[in-house]
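For reference, the structure discussed in these notes is given below.
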Amino acid sequence: MKEDTIIVSSGRDKKYTHGAINTPVYHASTLTFDTVKDMKRANANRHKGGLSYGRRGNPTTYALEEAMCDLEGAEGCFLYPSGLAAITGAILSFASAGDHILMADGVYEPTRGLVNKMLTRLGIETTFYDPMIGPDIAGLIRGNTRIIFTESPCSVTMEIQDIPAIARAAHARGVLVMMDNTWGTPLHFKAFDHGVDLVIHALTKYIVGHSDAMAGCVTARAEHMQQLFDMSYQMGYCLSPDDAYLALRGLRTLKIRLQQHEKNAFEVAKWLDGRPEVDHIRHPAFASCPGHEIWKRDFTGANGLFSFVLKQGYEAATTAMMEGMKHFKMGFSWGGYESLILTYHGIDSYRTVTGWAAKGPLVRLHVGLEDVDDLIVDLEQAFERFNQNL
Ligand SMILES: *Cc1c(COP(=O)(O)O)cnc(C)c1O
């Protein structure tokens, strides 16, 4: 099946839907059995959709797992109650005391918090690396390195990593490659084809797509499923059927939403590129974004999320800018149908190896599905407030 067909059809087998178009929401903790044999079979066949107990999955969550597997080209998928839980689940499934992790310096900030705090406490050491390192990552791999954790583009600062080069160096030394592929989505970055072993998504973003549910997933090859399963089982990770339903429902329109987000964001970014206040654009499709050439080589598209760096401006100016917005609402997260804005001062406070050369603040936009003309008027007025408060 081609991708557009998978998006529409996958996870809609009659065994899940009973003929309805969308897989129903199955609310269940307890499941009952007629025979002891049935009960034992259900318990043993978790990977094959056995129904034994609510925490271990139900038809709504199995349908979503199946759809994510088909889209990523994976052999297995586990769901988590948030994207961050998927990250912790993946890492804790494979790292033990005494192990070493290599992590991109521009990862999603809570991922950094996990390794710096909890994993340090558990005796797992992490070294951060420059996201632009490419094949030179080989020099950082130690005898006890277990995982290279990547995210591309990086959160907020948008550097695009050479994942194939990093994966080659990792695999030469038997190191696992994990990737937070939330920005790329299964449509725009084929992570397994580029050498990633475990692919993580915050489904909360474009898959749910409507800013009304939290969910995460890890997709992997069969050889890694048992360890992921054991960790989920021991930690009690599961996803509510209501949120699985919302993720499945959002998934059906993922492709067409992404196309419009990409188009709108590109137009907004082009307009920003001509503004005198803007130092440079950090959108993977722009040459000013570190790793732009890698993005052209490895990705098949962009979306609504990008950043830009201002030439100057303290908090008074960015506060005035953000507080008067009509369409770009101030808020964390992204991937819904609506526009969002955030500003960052002092990026280097959560960098350890790459620093941050730009003098002015960084603005991150999520460009939604509103009309671009209205969005540009909103930004024009934002710059007026910004300049008045410089
Ligand atoms: C939002 C986000 C996450 C975390 O997802 P939650 O569902 O909010 O826990 C992880 N990685 C990236 C890149 C994200 O943007």
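Every number for a ligand or one of its atoms is a count from 1 in the order of the listing. Positions are given from 1 along the sequence.
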Problem set entry | Closest protein heavy atom (residue, atom, distance) for atom 6 (P) of ligand 1 | G83 N, 3.3 Å
For this session: Examine R56 relative to Y233 and say whether NZ or CZ is less than 6.0 Å from the centre of the six-membered ring and inside a 45° cone about the ring axis.
Result: yes
For this session: For E151, counting its heavy atoms only, list the atoms of ligand 1 lying under 4.0 Å from any of them.
Result: 13 (C)
For this session: Check each atom of ligand 1 against the heavy atoms of S82 and keep those under 4.0 Å away; list them by number with element.
Result: 7 (O), 9 (O)
For this session: Taking the six-membered ring for Trp and the single ring otherwise, decide whether the centroids of Y337 and H210 are under 6.0 Å apart.
Result: yes
For this session: Would you mind running through ligand 1 and noting each atom that sits below 4.0 Å from a heavy atom of W334?
Result: 15 (O)
For this session: Please report which non-hydrogen protein atom sits nearest to atom 9 (O) of ligand 1, along with the residue it belongs to and the distance in Å to one decimal place.
Result: L84 N, 2.8 Å
For this session: Kindly indicate whether the side chain of I148, heavy atoms from C-beta on, has any atom under 4.5 Å from the side chain of I166.
Result: yes
Problem set entry | N/O separation below 3.5 Å, M214 to ligand 1 | no
For this session: Using non-hydrogen atoms of the residue, decide whether W183 is closer than 4.0 angstrom to ligand 1.
Result: no
For this session: Compute the shortest N/O to N/O distance between K205 and ligand 1 and return yes if it is under 3.5 Å, no if not.
Result: yes
Exercise. Hey, any chance I376 and F328 share a hydrophobic cluster, counting ILVMFWY side chains that come within less than 4.5 Å of each other, even indirectly?
Worked result: yes
Exercise. So R351 and T354, side-chain hydrogen bond (donor to acceptor under 3.5 Å, both in side chains) or not? Walk me through it.
Worked result: CA-CA 6 Å; R351 289 297 175 100; T354 46; 3.0 Å; yes
Exercise. Can we call the ring centroids of Y206 and H188 under 6.0 Å apart?
Worked result: no
For this session: Cation-pi check, R112 to F128: give yes when NZ or CZ is under 6.0 Å from the six-membered ring centre and within 45° of the ring axis, no otherwise.
Result: yes
For this session: Would you mind checking which non-hydrogen protein atom is closest to atom 11 (N) of ligand 1, with the distance to 0.1 Å?
Result: D180 OD2, 2.6 Å
For this session: Could you tell me whether A85 and ligand 1 have an N or O pair separated by under 3.5 Å?
Result: no
For this session: Indicate yes or no: at least one non-hydrogen side-chain atom of F299 is less than 4.5 angstrom from one of I160.
Result: yes
Problem set entry | Atom indices of ligand 1 within 4.0 angstrom of T204 heavy atoms, with elements | 6 (P), 7 (O)
